[in-house]
Amino acid sequence: MSTSTIRERLEEIRRQALEALSQSLEPAQVESVRVRVLGRNGELTELIRSLRSLPEHERPVVGQLANQLKRELEERIEALARELRRRRIEQSLAQPALDVTLPGMEFGRGRIHPLTQITGQILEIWTAMGFEVALTPDIEDDFHNFGALNFPPDHPAREMQDTFFLEGGRLLRTHTSNGQIRVMERRRPPLAVVCPGTCYRRDELSVRYSPMFSQLEGFMVDDFGKVTMAHLKGTLTEFLRAFFGPEADVRFRASFFPFTEPSAETDVRCIFCKGAGCRVCKQSGWIEILGCGMIHPNVLRAVGYDPQKHAGFAFGMGLERLALIRLGVEDMRLFFENDLRFLAQF
Amino acid sequence: MRLPVSWLREFIPVVPAPEQIAERLSLAGLEVETIDRIRPAFSGVVVAKVLRVERHPNADRLTVCEVDAGPRGQFRVVCGAPNVRPGMMSALALVGARLAPPKSANRTDDELGAPVGAAVIRGVESQGMLCSERELGLSDDHSGIITLDDTASPGDDLATILFLDDHVLDVAVTPNRGDCLSILGLAREVAALFGLRLKRPRLRARLPHRSRGEVADRVQDDAPISVEISAPDLCPRYAALAMDGVTIGRSALWLRRRLMLCGMRPINNVVDVTNYVMLEMGQPLHAFDLDRLRDARIVVRRAGQDRELETLDHVRRMLDPDDLVIADGRGPVALAGVMGGLESEVSDSTKRILLESAFFEPRTIARTSRRFGLVSEASYRFERGVDPKGQVDALVRASVLMRELAGGREMGKLIDVDVRRFVEPEIEVSLERVEGLLGVKLSAAEVARRLKGLGINVKHKKGGRIIASIPSFRLDLREEADLVEEIARLNGFSDVPAVRCRPLREITVEDRRRQVTDTLRACLVGCGLFEVATLAFASAEQNRSFAGLAGSDAIRIINPLSTEFGELRRSLIPGLVATLRFNLNREAQACHVFEIGKVFYLEAGELKEAQRLGILSYGELALGKLGERRPQADFFTAKGMVETCLTSLGLANKVDFVRDPAHCVSWLHPGRQARLSLEADRLLGYIGELHPELASELDLDDRPVVVCELDLEQLIAYGSLRRNVVPPPRFPSVRRDLALVVDRDVPVGQVQKVVAQAGEGLMLESVELFDVYEGASLPAGKKSVALSCRYRAKDRTLTDAEVNQIHAQLAAQAVRQLGATLR
């Protein structure tokens, strides 16, 4: 190649490149020009590489020209790229502002069943207070559901709980109190345990009752004198304030359960009317929350503990009831009908 | 158990207010479920004695009576009743009295009829009127005027003596407290609760009676019938009393009233008296027609070979050999403690009766009652255990009432076969055990005082031990723990302190914080975000560029690892942007992340730290199928994530997304950002696309990077995990669409708000946006906002016409307020 052809070639590369750049509106176009001309196999790169074959005395002159052109094009390309980017930003900024009040995209988030949620919250409180969680079977025998819990045969207390009986003489537990027996008969004090679970009673599904419902049984057993009714009150008050809020007002009323003595029921000052009396608390100002008491000596004997040496408290609460109170609704059926309009509210 | 306060007064003359009684009983373990207010359906009616009865001069069917109303004076009244007789006690409505309007029920209806006036009836002036039960709303009986027995005195207020102005407490008696299934039992409890004296029931006549300790199989001397117990394990005691000269009839009005107040139906005077005594003293009684009992024998035994008995309810019962029955010389005449037999039932012609008062073992009654599915007032009490020493007192009480109300006389002595000879059990209580169970120290004197208040006798022994002797009516008290409950229950355990168990810890504010943050995490993960953890350090330049939500300056580190980490971060955003950059450099095509972490700042010279929630979202969202275009992150997809979080904390309606050109966040796109304001004026955070300058530095393509930073402290403080749940509606909704053309710069949120407000009180349930349109078919500078309005009534299905009218009303108001036109 002669020097003159090289000069012509350089001139041609320059003209074509500048023309291509002048027509470039997008950074991508600029980039393609750069690759075509200045890339590793670009026109100008190739040309500069070919200069090596020129006679030595001719090289400096054309080499300088070629490098000049390379610098010129590099600067042009960079300036143009900067300019295009600036223009793009300006364009973006010049767009009309968004109406930020338009709704966001719906994510169609699924929901965890409200009972699962509330049970989780309740278990979290108990475990935070140092109770362990134990799970016990739904299918029980008479001993664990009644006998060991001091329900004598034919005792009217059994009528408080209408039982489903299964073939083979077994039954569906009517309360989670079987958990006390199941845990205590294989372990020794000290114990602080909660047992959540499903219970069954022969009630039609209605506003107030369900044939299947959830309870949480809890108990604590230690050496006699270490766990008293005072601890029971302290522990339950702590739980109820954690669950209903620190302002919750708690009271205890004497009551009767075969498996506790003394027995009490625990009420919370109505969270809807603050005690003034409303429909939910049936004008009493208090809402009944749970049953509790000191474990009956006969129950301790049934699991082989000596009531002279050990004592403990136990409590049981209906989880649906707690959930309904927390949610401020009254209909037990909501939990089992699974109306999506209900579930979507959680 | 229903407890009329008027009846309670017979045992405790001055009782506290019904509400107070209810409160204390409930705390002590006898929950009072309701208090019924009983009101008479009349006023101004008094007891009057008829002195003279004369024919009315001008009417055959009428009489003119001279009546004496004691201190109220004597009156002359005209009467049309066929049963008016001189000497009878009846009810006189004085002039000015007001009677029940026709058909009114006697308890709920507060409205009374017009006042009775002095009237001239066929020429004779009547100063008031003598009343029938129906006229006073007491029953449907209008056959004659009321007959009162002579326990009433002339001038007494009728409403008072018939217990028509009363409160009835409905007490839920737990299965262990059979002793409280009577007025006496509840009165004992009330007396103990308030420290009042209990007046013992009046047993005016003590009857001569004899008792036998052994199984009696001989005819008792002069009694007209013999009693024999051949199943002493099931029936340790059987007492009986024969009476003759009984006239069966209707019971006195006051007695019928009391039975009804307690929820029982009056039958006849003999049966009513047995029920009355049961309600009063808790001992079920049964009355046999003595002349229907064969061979003058009563045998208490197992049914054995006898297979059948027809009970009072006309049902033939197939007996189990182990069922306890009362038999006469030939066969069963009653299902013991559950229901009497039809054959020996007291009838209108009965002249001689045998009253039974027994103690049956609870278990046998429970078993029989359950097998037959037959629960009677008697079986209910026997199952729960009656007072084993109460049989004779109840018979004596019944005989007194029978004499007064049914005209009977005792035949021979009262028979009392008492096999077991009940002895009051003794239980030892130690103060140490009391404290060990209750967690409160009580003195021996205090323990004794409380037990005595409940009728439990105590003896003190050495070493803080107390021997309690349990009265026969409290057989539920079996061991020490039972007595511990008695000591503590009367005041609802209020002197037991609330003490935290040593190894257990307090539930603190931190637990609540964690609940809130866990909820947020669950939401964001549900939206497809990854949780990230970035370092809390930042460069001075980052802190300058990304000012956080609070504070004026960043906190510098004295000995930083490097200048790049020279300060503590003021915002989570730089860390999230660095995360994006890091992943893009490693071929990531998208990045959706969040972080819950702390930021640090100086505020008035103090070093502060606070928690923030940061979100960064870039690139395509993982939704959609292969080959389908997936949505790309932009302002509105990120807003959707934030809205999901706000909803989960119950804040969706309390937070506004506001465009505020005056307070732009400098590093966000000025036209694509919003501040989140909580309850109108609190700054909760901001959301927006990164400023294009910043994005171009990151060397990204055209797709936006959206970031959001929220003040977690406020989310915790104002958010709620409580749900105000609305039960799903029962009636269908009706949907109507509304398209409003408004100026382009009117925010859609405002349009929605105005429409929602216009719909208040119009059964508008919700307003949902379904389209926003700008284009050729609209005038320049306008847009069309299409809303779907849902209407629903709580109590019915809305009609089309109704909804059309409401919707038109709503549309008109929205158009007016927004300066819009309908499209």
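Atom set for the values below is all heavy atoms of this structure, side chains included, hydrogens, waters and symmetry mates excluded. Each chain gets a letter, A, B and so on, in the order its sequence line appears, and its residues count up from 1. In this text, all values refer to a predicted model and were calculated from it rather than measured experimentally.
- Atom CZ in A/Phe346 sits 13.0 Å away from atom OG1 in B/Thr519 (nearest 0.5 Å).
- Counting non-hydrogen atoms of other residues, nucleotides and ligands closer than 6.0 Å to CZ of B/Arg478 gives a total of 12 or fewer.
- Heavy atoms of A/Arg86 lying under 4.5 Å from chain B are absent altogether.
- In terms of heavy-atom pairs under 4.5 Å with chain A, the best-connected choice from B/Arg370, B/Glu33, B/Arg744 is B/Arg370.
- Put simply, CG on B/Leu621 and CE on A/Met105 are 5.0 Å apart, with the number rounded to the nearest 0.5 Å.
- When heavy atoms are compared at a cutoff of 4.5 Å, B/Val440 does not approach chain A at all.
- The existence of a salt bridge linking A/Arg251 and B/Glu23 is confirmed by a sub-4.0 Å separation between a basic side-chain nitrogen and an acidic carboxylate oxygen.
- Scanning all heavy atoms of the two residues, the minimum distance from A/His231 to B/Arg500 falls at CD2-O, 4.0 Å.
- Among the residues in residues 289-299 of chain A, those with a non-hydrogen atom closer than 4.5 angstrom to a non-hydrogen atom of chain B are A/Met294, A/His296, A/Pro297, A/Asn298.
- Considering CZ of B/Arg514 and CD of A/Glu124, their distance stands at 4.5 Å, rounded to 0.5 Å.
- For a residue to count as touching a neighbouring chain, one of its non-hydrogen atoms must lie under 4.5 Å from one of that chain's; by this rule A/Val227 touches chain B with the backbone only.
- With a threshold of 4.5 angstrom between heavy atoms, B/Ser696 approaches chain A through side-chain atoms but not through N, CA, C or O.
- Interface summary for chain B: among A/Pro96, A/Pro103, A/Gly120, the most heavy-atom pairs under 4.5 angstrom belong to A/Pro103.
- Atom OG of A/Ser284 is separated from atom CD of B/Glu19 by 13.0 Å, given to the nearest 0.5 angstrom.
- Of the atoms belonging to B/Glu486, not a single heavy atom falls under 4.5 Å from chain A.
- Contacts of A/Glu337 with chain B are absent, with no heavy-atom separation under 4.5 Å from either backbone or side chain.
- Minimum interatomic distance between B/Gly436 and A/Thr228 (heavy atoms only, all atoms of both residues): O-CG2, 3.1 Å.
- When the candidates A/Lys282, A/Glu265, A/Arg301, A/Gln283 are compared by the number of heavy-atom contacts under 4.5 Å with chain B, A/Arg301 comes out ahead.
- Side chain of B/Glu693 to backbone of A/Ile89: no donor-acceptor contact under 3.5 angstrom is found.
- For the pair A/Gln95/B/Arg672, a side-chain contact is recorded, criterion being any heavy-atom separation below 4.5 Å from C-beta on.
- Only the backbone of B/Val746 comes within less than 4.5 Å of a heavy atom in chain A; its side chain stays farther off.
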Assess whether side chain to side chain contact (heavy atoms under 4.5 Å, CB included) is satisfied between A/Met229 and B/Leu437, documenting all intermediate values. CA-CA 6 Å; A/Met229 190 107 190; B/Leu437 278 178; over 6 Å; no

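- Using a 4.5 Å cut-off between heavy atoms, A/Pro153 touches chain B through backbone and side chain atoms alike.
- Here the closest heavy-atom approach between residue A/Ala254 and residue B/Phe493 is recorded as CA-CE1, 3.6 Å.
- Between chain A and the options B/Pro497, B/Gly492, B/Ala366, heavy-atom pairs under 4.5 Å are most frequent for B/Pro497.
- Of the atoms belonging to B/Pro729, heavy atoms from both backbone and side chain fall under 4.5 Å from chain A.
- Of the listed residues (B/Gly688, B/Ala522, B/Cys523), the greatest number of heavy-atom pairs within a distance under 4.5 Å of chain A belongs to B/Cys523.
- Ranking B/Leu30, B/Asp482, B/Thr644 against chain A, the residue ahead of the rest is B/Asp482, based on heavy-atom pairs under 4.5 Å.
- Atom CD of residue A/Glu261 and atom CZ of residue B/Arg489 lie 10.0 Å apart, to the nearest 0.5 angstrom.
- Only the side chain of A/Glu288 comes within contact range of chain B, with heavy atoms under 4.5 Å apart.
- In this structure, the portions of A/Arg326 lying under 4.5 Å from any heavy atom of chain B include both its backbone and its side chain.
- Proximity to chain B is limited to the side chain of A/Leu334, based on heavy atoms less than 4.5 angstrom apart.
- The parts of A/Phe342 that come within reach of chain B are both its backbone and its side chain, each placing non-hydrogen atoms under 4.5 angstrom from that chain.
- A/Asp99 contributes a side-chain N or O that, together with a main-chain N or O of B/Val748, makes up a donor-acceptor pair within less than 3.5 Å.
- Contact annotation for B/Val772: only side-chain heavy atoms (C-beta onward) come within less than 4.5 Å of a heavy atom of chain A.
- Looking at B/Glu643, the atoms closer than 4.5 Å to chain A (heavy atoms on both sides) all sit in the side chain, from C-beta outward.
- Sparse packing is recorded around CD of A/Glu26, with 12 or fewer heavy atoms of other residues, nucleotides or ligands lying under 6.0 Å away.
- The CZ atom of A/Phe252 lies 13.5 Å from the CG atom of B/Asn491; values are rounded to the nearest 0.5 Å.
- Contact of the B/His669 side chain with the A/Leu93 side chain is registered, since non-hydrogen atoms from C-beta on lie closer than 4.5 Å.
- Among A/Ser263, A/Gly328, A/Ala311, the residue making the largest number of heavy-atom pairs under 4.5 Å with chain B is A/Ser263.
- Contacts between A/Gln308 and chain B at a heavy-atom distance below 4.5 Å involve backbone atoms as well as side-chain atoms.
- Under a 3.5 Å cut-off, the side chain of B/Lys639 and the backbone N or O of A/Leu102 do form a donor-acceptor pair.
- Ranking A/Arg85, A/Gln121, A/Lys233 against chain B, the residue ahead of the rest is A/Lys233, based on heavy-atom pairs under 4.5 Å.
- Looking at B/Gln673, the atoms closer than 4.5 Å to chain A (heavy atoms on both sides) all sit in the backbone: N, CA, C or O.
- For B/Pro747, the parts sitting under 4.5 Å from any heavy atom of chain A are the backbone and the side chain alike.
- Both the backbone and the side chain of B/Leu27 come within contact range of chain A, each with at least one heavy atom under 4.5 Å from a heavy atom of that chain.
- Annotation: side chain of B/Pro727 is not in contact with side chain of A/Asp339 (no heavy-atom distance under 4.5 Å).
- Neither the backbone nor the side chain of B/Thr34 has a heavy atom closer than 4.5 Å to any heavy atom of chain A.
- Taking the charged nitrogens against the carboxylate oxygens, A/Arg341 and B/Glu765 have no contact shorter than 4.0 Å, which rules out a salt bridge.
- Taking chain B as the reference chain and counting heavy-atom pairs below 4.5 Å, the highest number among A/Ser255, A/Ser92, A/Gly225 is found for A/Ser92.
- The shortest distance between side-chain heavy atoms of B/Gln750 and A/Thr101 does not fall below 4.5 Å.
- Interface remark: B/Arg177 contributes no atoms to any contact with chain A (heavy atom separation under 4.5 Å).
- Of the two parts of A/Arg111, neither the backbone nor the side chain holds a non-hydrogen atom closer than 4.5 Å to a non-hydrogen atom of chain B.
- The contact between B/Ala28 and chain A is made entirely by backbone atoms, counting heavy-atom distances below 4.5 Å.
- Neither the backbone nor the side chain of B/Lys753 comes within less than 4.5 Å of any heavy atom of chain A.
- Evaluation of the ring-ring contact (aromatic ring centres under 6.0 Å, His included) rule for A/Phe315 yields A/Trp126 as partners, not counting sequence neighbours.
- For the set A/Ala230, A/Pro190, A/Pro114, A/Gly234, the count of heavy-atom pairs under 4.5 angstrom toward chain B peaks at A/Ala230.
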